[in-house]
Amino acid sequence: ISLTVFLEYTSFIPCKQHDTYFRRVHGETCFIGIIILPILSASFSMMWHINYVSFSVLALIVYLSFNFTTHRYLAHGIACVSITCIVALILNVQYEPFSILYLVYHFLSLCIFERIMHYICLYLPNTFTFSDTVVVAGMLFFVFEQCAVLTVACCFPQINYFQHRLRMHEYHIISICMIGFAVFTSFTILPIICRRYSVPCLFHRLMHVALFAALTLLLALWISFILFVRCNAYPSMCHHSNLLAAILDVVLSTNHSMILLYWLSVLLCFFLLTPTPTPTHHHHHHPHHAAASQSMSIIIVRKYFHGWCLVLFLPIIRYDAIYLSLSFSIALWLFINIEASRVCNFAFLSPHIERYCRPFLDERDAGRLVLTHVWLLIGCATPLWYSFIINYDEEDGGGTRAYNDMMRTLYGVSGIIVLGIGDAMAAVIGSTFGRVKWPNSSKTFEGSLAAIVSCLLLYTVMFPSILYDNVLLFKLAQVITATFVVEALQKQIDNLYLPLFCCLLMDVTFVS
C-alpha cells in the first residue's frame, strides 16, 4: 500500500477519479482511505485487523481494475479467493489452528465489502471520492457485520464463535442495530414504498407513515429479541430484557431527563440564533469575487453547527459517556431517515427538507446525497465509540485506574474538540486574518495555528492535570499539531477524516 501511494505521488499511477463513479476533487490523495482503516484497526482484535488489512488490499485491486482491465468482476472474485487463502495460511502458521468457519467468514466478508463498494459506485455516482468510498464501505461493513453476528449468536447459540459479541453493553447493541437497520431500509425498503405510493395524495401519505411505523415496530422487536436472548445467556450483565424497558429507563431517569432538557434548550437557541446564508448578487464586473464571497459566507455559517456540537456534547461526555453514545446513535438514525426521506420524497417531505438544507450546501454536496451533517455527527461520535474498544493495561498506562480513565476520555472528546472548536477556529481565523497559505492549499498558517491553540486551551480547561504532566502535555501538543497540519494539506472531508487522523495520531503518540 505504501508503495502504491508513493507511485501515486510520483504520478506513475495517476489518481483518476473515474467520473462515472467517483466525485472529482483536485489534488485528492486517492489512497488515504485505504491506509487509514487498517492502521486504526491495529487497536482492535486480531480478527478485525486482518479484515481491514484484507479490505485495503481488495480496495487497491478494485481501484487498479478500473484502470487496467475490463473484466473487473472476475478480477474482484479472484482477489477475494486469493486474499482468503493467504489469510488462512498466515493464521494457521502464526496465530491459531485452521478453522473452516473463519475461512468462510473471511471470504464472505471480502465479498460483502466488494459488493458495498460496487453498490455505492452504481447507485450513488459522483457522491463520494474513491478514498471516501473505501472508508464508507469499511464503516458500513462494520455495522452490518455486527448486526448479522448478533442475530446469528441469538438464533444459533451452539455456534460459540460469535457468542462473545453478546457481552457488549446493551446501549451499544441498541445503537448498532438502529444504525444498521436505518441504512438497510433507506437503500432497499423506503425507495420501494415511495415508488409504489408516488401520488401526492392523503392516502399515499398515510401509507408512507403507516409502513414506516411498521418498520420501526420491526426494529423494536428485533432489538428486544436480541436483548432477551442476551439476558438469558448472561444474567449478571442484564439490565433490560427488552427495548421498552430500556426506553423507560432512559426517559424516566432524572439524570437523563435533565440532559434531554438541556439539549432541547440548546437546540431551541440554535434554531433561533443560527443565521441563514443569503445569496450574493453577482455583479457583472466581479462575478468571481461575488461567488467567492458567497462560498465564504456559507463556510462561516456552517461552522455555527460545529460550535453548537461543542455546546451540546462536551458537557455531557464526562458526565455520562455511554448515554451520549446512545444519543449519537439515535441522532444518526434520525439523520439517515431524514436524508432518505429527502432523496426518495418519503411522505412527500422532500421539498420542505430541501428548502431548509439548500442554503447551507456547497460543492461537496453536489452528489445525490447531502451528508455534511451526517459526517459532522459521525466525526464527533467515532472517537467516543473508538474509546470503548481501547484496553489499557495498568503497567502500560500509568499505573492507575484514574489515569487510564482520563486517557479514555482524551480519546472520546477528541472528535468534539477537533471539529467543534479546532476546525471552526481554523475556518473563521483563516478566512478573516489568514495571509500565508500552505503549499498547494487554500488553507492558511494562521488558521491552523488558531486551531492548534484553541484545542490545546480547551483540553487544558477540561483536564487541568495535564498542566502538571509535561510529557503528556507535549504528546498532546504533538497530536493536535500533526492533526491540523494534515488537515491543511489534505483535500478530504474534514468532518470525517480529522477525527480519524486524531485517533490514529493518539494511538501512535501515546503508545510509543
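- Within the 4.5 Å cutoff, the side chain of F144 has no heavy atoms near those of the I112 side chain.
- Looking at T460 and P464, their side chains never come closer than 4.5 Å, going by heavy atoms from C-beta outward.
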Any chance you could lay out the side chain to side chain donor-acceptor pair (under 3.5 Å) test for T129 and D132, step after step, and finish with the verdict?
CA-CA 5 Å; T129 64; D132 299 340; 3.0 Å; yes
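- Taking the six-membered ring where the residue is Trp, F55 and F141 present perpendicular rings, their angle passing 60° and hence far from 30°.
- By the side chain to side chain donor-acceptor pair (under 3.5 Å) test, H172 is found to be paired with no residue, residues two or more places apart in sequence or in another chain being considered.
- Closest approach of D423 to K303, counting heavy atoms only: OD2-NZ, 2.9 Å.
- Residues Y323 and H256 place their aromatic rings such that the two centres sit under 6.0 Å apart.
- Residues satisfying the ring pair (Phe, Tyr, Trp, His ring centres under 6.0 Å) criterion with Y119, sequence neighbours excluded, are Y123.
- Rounding to the nearest 0.5 Å gives a distance of 6.0 Å between OG1 of T133 and CE of M117.
- Classification of D494 and K443 as a salt-bridged pair holds, one side-chain N sitting under 4.0 Å from a carboxylate O.
- Between the CZ atom of F184 and the CG atom of L140 there is a distance of 12.5 Å, given to the nearest 0.5 Å.
- Residue-environment remark: CZ (F270) exceeds the threshold of 12 foreign heavy atoms within 6.0 Å.
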Could you go step by step and tell me if M506 and L476 meet the side-chain contact (heavy atoms from CB on, under 4.5 Å) rule?
CA-CA 8 Å; M506 280 191 169; L476 186 61; 4.1 Å; yes
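- You'll find the side chain of H373 reaches within 4.5 Å of the side chain of F335, heavy atoms only.
- N495 contributes no side-chain N or O that, together with a main-chain N or O of G379, makes up a donor-acceptor pair within less than 3.5 Å.
- A 6.0 Å sphere centred on CZ of F474 holds no more than 12 heavy atoms belonging to other residues, nucleotides or ligands.
- Of all non-hydrogen atoms in A340 and L190, the two that sit nearest each other are CB-CD1, 3.9 Å.
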For a side-chain contact (heavy atoms from CB on, under 4.5 Å) check, start with the C-alpha distance between C309 and L419, then their side-chain angles and the critical distance, and finish with the verdict.
CA-CA 9 Å; C309 285; L419 294 179; over 6 Å; no
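- Environment of CZ in F445: crowded, with over 12 heavy atoms of neighbouring residues, nucleotides or ligands closer than 6.0 Å.
- The shortest distance between side-chain heavy atoms of L369 and V374 does not fall below 4.5 Å.
- Taking 4.5 Å as the limit, every side-chain heavy atom of T372 sits out of range of all side-chain heavy atoms of F305.
- In this structure a side-chain-to-backbone donor-acceptor pair under 3.5 Å is missing from T432 to I429.
- A salt bridge links E354 to R342: at least one charged side-chain nitrogen sits closer than 4.0 Å to a carboxylate oxygen.
- Considering every non-hydrogen atom in both I416 and F328, the closest pair reads CD1-CZ, 4.4 Å.
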Walk me through whether S131 and Y497 qualify under side chain to side chain donor-acceptor pair (under 3.5 Å).
CA-CA 10 Å; S131 182; Y497 285 89; 2.9 Å; yes
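- For the pair I493 and W375, the tightest heavy-atom approach, listed with the atom from each and the gap, is CD1-NE1, 3.4 Å.
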Test N255 against D320 for side-chain contact (heavy atoms from CB on, under 4.5 Å), laying out the working first.
CA-CA 9 Å; N255 294 337; D320 194 338; 5.8 Å; no
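- Between atom NZ of residue K475 and atom CG of residue L505 there is a gap of 13.5 Å, rounded to the nearest 0.5 Å.
- In this structure, Y411 and S387 approach most closely via the heavy-atom pair CB-CB, 4.0 Å.
- Using a 4.5 Å heavy-atom cutoff, the side chains of I316 and W263 are in contact.
- Summarising the geometry, atom CD1 belonging to I417 is positioned 7.0 Å from atom SG belonging to C455; distances are rounded to the nearest 0.5 Å.
- Remark: the backbone N or O of L410 is paired with a side-chain donor or acceptor of Y459 at under 3.5 angstrom.
- Judged by distance alone, the side chain of E145 and the main-chain N or O of S109 form no donor-acceptor pair under 3.5 Å.
- A donor-acceptor contact shorter than 3.5 Å is absent between the side chain of W308 and the backbone of L267.
- Between the side chain of T481 and the main chain of Q478, no donor-acceptor pair closer than 3.5 Å is present.
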Please test W385 against S325 for side chain to side chain donor-acceptor pair (under 3.5 Å), starting from the C-alpha separation and ending with a verdict.
CA-CA 7 Å; W385 293 334; S325 171; 2.9 Å; yes
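- The main-chain N or O of I34 is found under 3.5 Å from a side-chain atom of S56 such that the two form a donor-acceptor pair.
- The shortest side-chain heavy-atom distance between C503 and S414 falls under the 4.5 Å cut-off.
- In terms of modelled atom types and a separation under 3.5 Å, the side chain of E446 and the main chain of R435 share a donor-acceptor contact.
- Contact detail for V53 and P38: the closest heavy-atom pair is CG2-CB, 3.7 Å.
- Between L496 and L376 there is no side-chain heavy-atom pair separated by less than 4.5 Å.
- Distance OG/S448 to CD/E487: 6.0 Å, rounded to 0.5 Å.
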Before you tell me yes or no, could you show the steps for L110 and E114 under side-chain contact (heavy atoms from CB on, under 4.5 Å), namely the whole-Å CA-CA distance, both residues' side-chain angles and the distance that decides it to 0.1 Å?
CA-CA 6 Å; L110 284 165; E114 190 274 335; over 6 Å; no
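- Rounded to the nearest 0.5 Å, atoms CH2 (W333) and OG (S186) are 10.0 Å apart.
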